[in-house]
Amino acid sequence: MLSNLQARDAATVLHPYTNLATLPQQGSLILERGDGVFVYDVEGRPYIEGMAGLWCNALGHGREELVEAAAEQMRKLPFAHLFTAKSHDPAIALAEKLKELAPCNAAKAFFCNSGSEANDTQMKLVWYVNNALGRPQKKKIISRIKAYHGVTIASASLTGLPNNHIDFDLPLPQVRHAGCPHHYRFALAGETEEDFASRLAAELDAMIEAEGPETVAAFIAEPVMGAGGVIVPPRTYFEKIQPVLEKHDVMLIADEVICGFGRLGEWFGSTALGMKPDTVSVAKQLSSSYLPIAAVIIPDWIDEALSRQSEKIGVFGHGFTYSGHPVAAAVALKTLEILERDDVLGHVRGIIPHFQERLRAFADHPMVGEARGMGLVGAVEVVADKASKRPFDPKRFAAAKVVALAQEEGLIVRAIGDAVSICPPLVITSEEIDQLFERLGRALDRAEVWAAAEGARQAA
């Protein structure tokens with residue numbers, strides 16, 4: 001029986017990334033409050049928030065400084081827009097700070113409200129700027145299979161996951177998808193990570209040649225692929241990809257929506273992975289998820305092209321009502337201040353070895369084919385057969401079963417295909433990391449019992 005809240009929820013709320021057919025029977029987990037890395041449901045049961053919400057709650061729940069930053073700005077100037085030469089101090093100060101931190105030649109920051117809007121903007125800017133530069137054919141953007149870049153029409157096209165395309169009439173025709181850099185799943189027998197990276201770079205080069213370099217404008221990449229299953233690129237990957245892009249005058253767009261602001265122990269994942277992007281998308285941890293805010297950071301040559309077009313056309317015809325919302329910008333500034341003042345990145349670097357050691361210990365579990373990760377993000381990929389890497393029959397929803405059992409154990413994690421992803425708040429302690437993995441271990445043990453009892457390991 002559903003509770004009253006669950007019944008009302010099922011009757012009124014259209015849930016993202018949810019099986020809408022089964023929700024009315026299963027009901028939602030209704031959360032009421034949070035404290036640090038824990039959240040509590042309406043009955044008071046605690047859960048370790050092992051996904052930092054949706055990869056975004058960097059500083060945990062209950063940070064009064066962020067609440068006060070929002071309240072103070074609301075009292076002072078609760079709203080002002082950036083259209084038609086209007087501005088305000090929080091947006092200006094935040095743009096200055098992003099320019100200071102950015103892993104690229106940063107000239108300006110364009111503000112929006114989500115990673116999806118940021119990557120949608122990236123595609124529009126690529127098209128707009130190439131028109132401004134007299135290259136109207138140079139419009140194609142290459143993403144990668146299993147990439148995740150958002151769910152707007154443009155950003156969902158860049159996303160390389162079937163469920164974001166099926167029956168949405170996507171992707172757009174200007175988008176291509178290169179190979180997925182997942183060594184465990186896609187390397188040839190005996191192929192080292194370095195050899196795999198070389199092959200992917202050669203395949204990208206061949207793709208651009210086949211499309212026509214004069215038609216390919218940009219390559220977009222997450223430093224570590226998040227919602228595609230926490231896929232860490234093979235060694236030397238970006239080192240070998242970037243010369244291919246430079247050869248064909250193809251921009252590199254870094255999607256730092258998940259990796260940005262400390263997730264890998266550096267301000268940006270680009271730094272940790274040796275990427276040299278032309279432009280950068282940021283969101284999520286920018287405000288520690290307390291309010292929606294995102295940004296696209298652009299270099300001087302794009303800024304100059306935009307200015308020339310604005311002189312020609314009379315206006316830069318892009319923006320959102322809430323671009324650079326003063327309250328969200330104030331909270332983002334306070335978030336960045338806390339990250340610096342409290343040396344949160346130093347804390348992350350200090351606990352990464354323990355996190356990764358506990359994560360990788362699951363590689364020996366009978367349910368797990370691969371335990372992978374980098375920084376404070378990871379995943380365990382469940383398999384029906386370890387030796388052959390054979391996955392479970394998709395109809396068994398094995399990873400979802402692990403996630404459901406983890407929730408019963410007081411841990412929130414997420415199923416992505418066959419992977420169970422883990423992405424805790426940056427402020428998690430070593431003791432809380434131990435609690436997290438102990439709960440995940442119990443869930444995997446219970447899932448192994450389930451698999452044996454249900455005969456789930458049998459081939460479909």
Side-chain angles (χ1 to χ4, degrees), residues 14-20 51 53-56 112-127 139-182 185-186 200 203-204 207 211 216-233 237 241 250-260 263 269-270 273 275 277 279-285 292 294-296 377 379 381 394 399 414-419 421 423:
L14 185 61
H15 283 266
Y17 284 89
T18 300
N19 186 324
L20 303 178
M51 278 302 300
L54 284 174
W55 327 81
C56 52
C112 46
N113 307 290
S114 69
S116 292
E117 287 184 6
N119 288 328
D120 192 286
T121 293
Q122 291 275 20
M123 183 179 280
K124 287 185 71 176
L125 290 182
V126 165
W127 293 347
K139 299 293 176 61
K140 296 172 187 172
I141 300 179
I142 299 176
S143 180
R144 299 175 295 175
I145 295 168
K146 291 201 173 183
Y148 185 87
H149 298 296
V151 295
T152 58
I153 290 174
S155 64
S157 296
L158 296 172
T159 291
L161 299 170
N163 286 343
N164 294 96
H165 297 165
I166 296 170
D167 287 344
F168 287 112
D169 292 352
L170 296 174
L172 292 172
Q174 297 92 339
V175 174
R176 303 291 184 271
H177 290 91
C180 176
H182 187 188
R185 275 293 167 203
F186 301 114
L200 290 173
E203 290 174 355
L204 177 62
M207 173 182 280
E211 294 290 336
V216 180
F219 179 83
I220 186 169
E222 306 156 88
V224 171
M225 298 169 79
V230 186
I231 297 166
V232 181
Y237 176 77
I241 289 291
V250 173
M251 289 172 52
L252 174 58
I253 301 169
D255 182 342
E256 291 272 6
V257 171
I258 287 176
C259 294
R263 180 56 56 188
S270 295
L273 270 299
M275 296 173 65
T279 66
V280 177
S281 295
V282 295
K284 292 191 184 294
Q285 295 191 150
V296 172
V377 61
E381 184 165 327
R414 184 179 176 190
I416 303 172
D418 295 317
S421 57
C423 181

Has H182 got a side-chain atom pairing as donor or acceptor with V232's backbone, closer than 3.5 angstrom?
no

What pair of heavy atoms forms the shortest contact from C112 to E117, and how long is it?
CB-OE1, 3.4 Å

Return yes if some donor-acceptor pair links the side-chain N/O of E222 with the main-chain N/O of A147 below 3.5 Å, else return no.
no

Check G229 against A379 and note the closest heavy-atom contact, atom names and distance.
O-CB, 3.7 Å

V151 to S155 - nearest heavy-atom pair and separation:
N-OG, 3.1 Å

As an exercise, state the distance from CD of Q174 to CD1 of I141, rounded to the nearest 0.5 Å.
8.5 Å

I220 to R144 - nearest heavy-atom pair and separation:
O-NE, 4.4 Å

Look only at the side chain of S270 and the backbone of M275, and say whether a donor-acceptor pair between them is shorter than 3.5 Å.
no

Between the CE atom in M225 and the NZ atom in K146, the distance rounded to the nearest 0.5 Å is 8.5 Å

L54 side chain reached by R414 side chain, heavy atoms, under 4.5 Å
yes

Do any N or O atoms from the side chain of T159 and from the backbone of G150 form a donor-acceptor pair under 3.5 angstrom?
yes

Does a side-chain heavy-atom distance below 4.5 Å link V230 with W55?
yes

Check this for me: L170, atom CG, are more than 12 non-hydrogen atoms of other residues, nucleotides or ligands nearer than 6.0 Å?
yes

Side chains of K140 and M207 in contact at under 4.5 Å (non-hydrogen atoms)
no

Looking just at side-chain N and O atoms, do Y17 and N164 make a donor-acceptor pair shorter than 3.5 Å?
yes

Taking all atoms of both residues into account, what is the closest heavy-atom pair of C56 and K284, and its distance?
CB-CB, 3.6 Å

Look up atom OG1 in T279 and atom CG in L252, then write down how far apart they are to the nearest 0.5 Å.
7.5 Å

Rounding to 0.5 Å, atoms OG (S116) and OH (Y148) come to a distance of 5.0 Å

In this structure, CD1 of I241 is separated from CG of L273 (nearest 0.5 Å) by 12.0 Å

Side-chain heavy atoms of M123 within contact of V175, under 4.5 Å
yes

Less than 4.5 Å apart, side chain to side chain, heavy atoms only: is that true for C180 and R185?
no

Could you go through the side-chain contact (heavy atoms from CB on, under 4.5 Å) check for V224 and I258 one step at a time?
CA-CA 8 Å; V224 171; I258 287 176; over 6 Å; no

Compare every heavy atom of S421 with every heavy atom of I416, then report the nearest pair and how far apart it is.
CD1-OG, 3.6 Å

Going from NE2 on H165 to OG on S157, what distance comes out if it is rounded to the nearest 0.5 angstrom?
5.5 Å

Let me know which of N119, D255, T121, D120 forms a side-chain hydrogen bond (donor to acceptor under 3.5 Å, both in side chains) with S281.
N119

CG/D169: more than 12 non-hydrogen atoms of other groups inside 6.0 Å:
no

Pairwise side-chain contact, F219 with L204, heavy-atom cut-off 4.5 Å (strictly under)
yes

